[in-house]
Amino acid sequence: MCGTSRFVVQLIVILYTAMEVCSKFEFTNIQCTSLDKEFDDIEYCYIKSVNRSYKYISIKVKLFKTPVTKVNAALYQRLNGYKPFLYNITLDACKFLRNTDRNPVAKYIYELFNGHSNMNHTCPFDHDIILEKLPSNFLNTRLTDVLPFPEADYLLETHWYAYNVNRAVIKVYGTLS
Ligand SMILES: *[C@@H]1O[C@H](CO)[C@@H](O)[C@H](O)[C@H]1NC(C)=O
Ligand SMILES: *[C@@H]1O[C@H](CO)[C@@H](O)[C@H](O)[C@H]1NC(C)=O
Ligand SMILES: *[C@@H]1O[C@H](CO)[C@@H](O)[C@H](O)[C@H]1NC(C)=O
């Protein structure tokens, strides 16, 4: 009897704690822009809502010339308009992919989408870049469990460079509520 009620109390505490931290991440918008059609083109770039619990983004960038060498990623949080928030990193894509442990922040961002993309291979990127069906739910776990973020609207803006010229911009919007 005593054991049972302690178990029930523990269960309630666990459920309560789970509810407390149960923020939910959702994609809200995505924009992909090619800045140089000679260099790359966006074949597709969209959010799809399959049902209430399954929403994902897919992106395919066709590269006509290679290589992409430099990537800048900056995180924004919306207050009055989107303001830079915490992270703004620029890195050499090839050096980074050779050893992701050297840059923990970039690694964290990279691991948000790596498993759903074809980016895990050695340089140079000499073929199309694909991000396929990255679900909100997956980011939900990473953003709320691994490194908790405050509830707000966010924008992850990435710039893709080749020969030091910005060739494409990908903006992913989401909300944590
Ligand atoms: C949502 O769609 C996915 C994929 O089709 C399916 O596996 C899942 O069961 C659906 N969820 C609900 C709540 O309908
Ligand atoms: C990020 O840093 C780069 C280089 O220092 C700068 O040009 C860019 O404006 C910064 N972006 C944001 C959002 O602060
Ligand atoms: C790529 O995948 C392999 C095996 O799945 C893994 O050992 C390696 O660490 C990954 N590399 C990167 C850069 O994520």
Side-chain angles (χ1 to χ4, degrees), residues 15 18-19 21-36 39-40 42 44-61 67-97 100 102-119 123 125 129-145 147-177:
L15 286 177
M19 276 160 55
V21 299
C22 194
S23 317
K24 192 165 168 358
F25 176 82
E26 289 268 20
F27 291 116
T28 51
N29 196 7
I30 182 167
Q31 291 167 1
C32 305
T33 312
S34 166
L35 301 177
D36 180 353
F39 194 89
D40 56 54
I42 313 297
Y44 54 78
C45 171
Y46 64 89
I47 302 187
K48 186 169 168 71
S49 242
V50 177
N51 55 37
R52 281 173 69 95
S53 53
Y54 185 42
K55 197 173 192 180
Y56 64 78
I57 58 172
S58 288
I59 301 171
K60 181 170 178 184
V61 181
V68 167
T69 47
K70 196 170 80 174
V71 180
N72 167 261
L75 187 64
Y76 294 74
Q77 189 187 49
R78 192 168 76 169
L79 299 166
N80 298 308
Y82 284 91
K83 302 279 160 51
F85 178 72
L86 288 181
Y87 304 122
N88 178 8
I89 51 175
T90 302
L91 47 80
D92 178 312
C94 294
K95 269 193 204 146
F96 170 70
L97 287 174
T100 56
R102 273 192 300 197
N103 191 329
V105 171
K107 186 179 181 190
Y108 178 76
I109 295 173
Y110 173 67
E111 285 179 347
L112 293 178
F113 60 82
N114 176 34
H116 294 83
S117 84
N118 67 342
M119 285 186 64
C123 277
F125 289 116
I129 295 177
I130 301 170
L131 177 69
E132 202 62 44
K133 297 189 178 172
L134 173 65
S136 285
N137 277 350
F138 178 73
L139 266 66
N140 202 11
T141 314
R142 299 284 311 177
L143 295 176
T144 59
D145 293 357
L147 198 156
F149 273 80
E151 295 186 353
D153 293 329
Y154 292 96
L155 157 62
L156 181 68
E157 183 170 318
T158 58
H159 293 254
W160 302 74
Y161 293 80
Y163 306 106
N164 245 13
V165 178
N166 193 180
R167 311 287 178 160
V169 180
I170 296 178
K171 297 182 184 183
V172 180
Y173 294 82
T175 184
L176 200 61
S177 56

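Given the structure is predicted, the values throughout are model-derived calculations rather than measurements. One-based numbering, in listed order, for ligands and for the atoms of each. The figures that follow rest on heavy atoms only: side chains count, while hydrogens, waters and symmetry mates do not.
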Taking only non-hydrogen atoms of A74 and a 4.0 Å limit, the atoms of ligand 2 in range are 13 (C)

Answer yes or no: are there more than 12 heavy-atom neighbours, outside N80 itself, under 6.0 Å from its atom CG? no

Can you check whether Y161 and Y163 have ring centres sitting under 6.0 Å from each other? no

For the rings on H116 and F138, is their centre-to-centre separation under 6.0 Å? yes

Donor-acceptor contact present, side-chain S58 to main-chain Y46, <3.5 Å: no

Which class fits the ring pair F113 and Y110: parallel under 30°, tilted 30 to 60°, perpendicular over 60°? perpendicular

At a 4.0 angstrom heavy-atom cut-off, what protein residues surround ligand 1? V50, N51, S53, Y54

By side chain to side chain contact (heavy atoms under 4.5 Å, CB included), which residues pair with K55, not counting sequence neighbours? E26, I47, S49, S136

Please identify which of these residues, T90, N72, N166, meets the side chain to side chain donor-acceptor pair (under 3.5 Å) condition with H159. N166

If you measure every N or O of N88 against every N or O of ligand 2, does any of those distances drop under 3.5 Å? yes

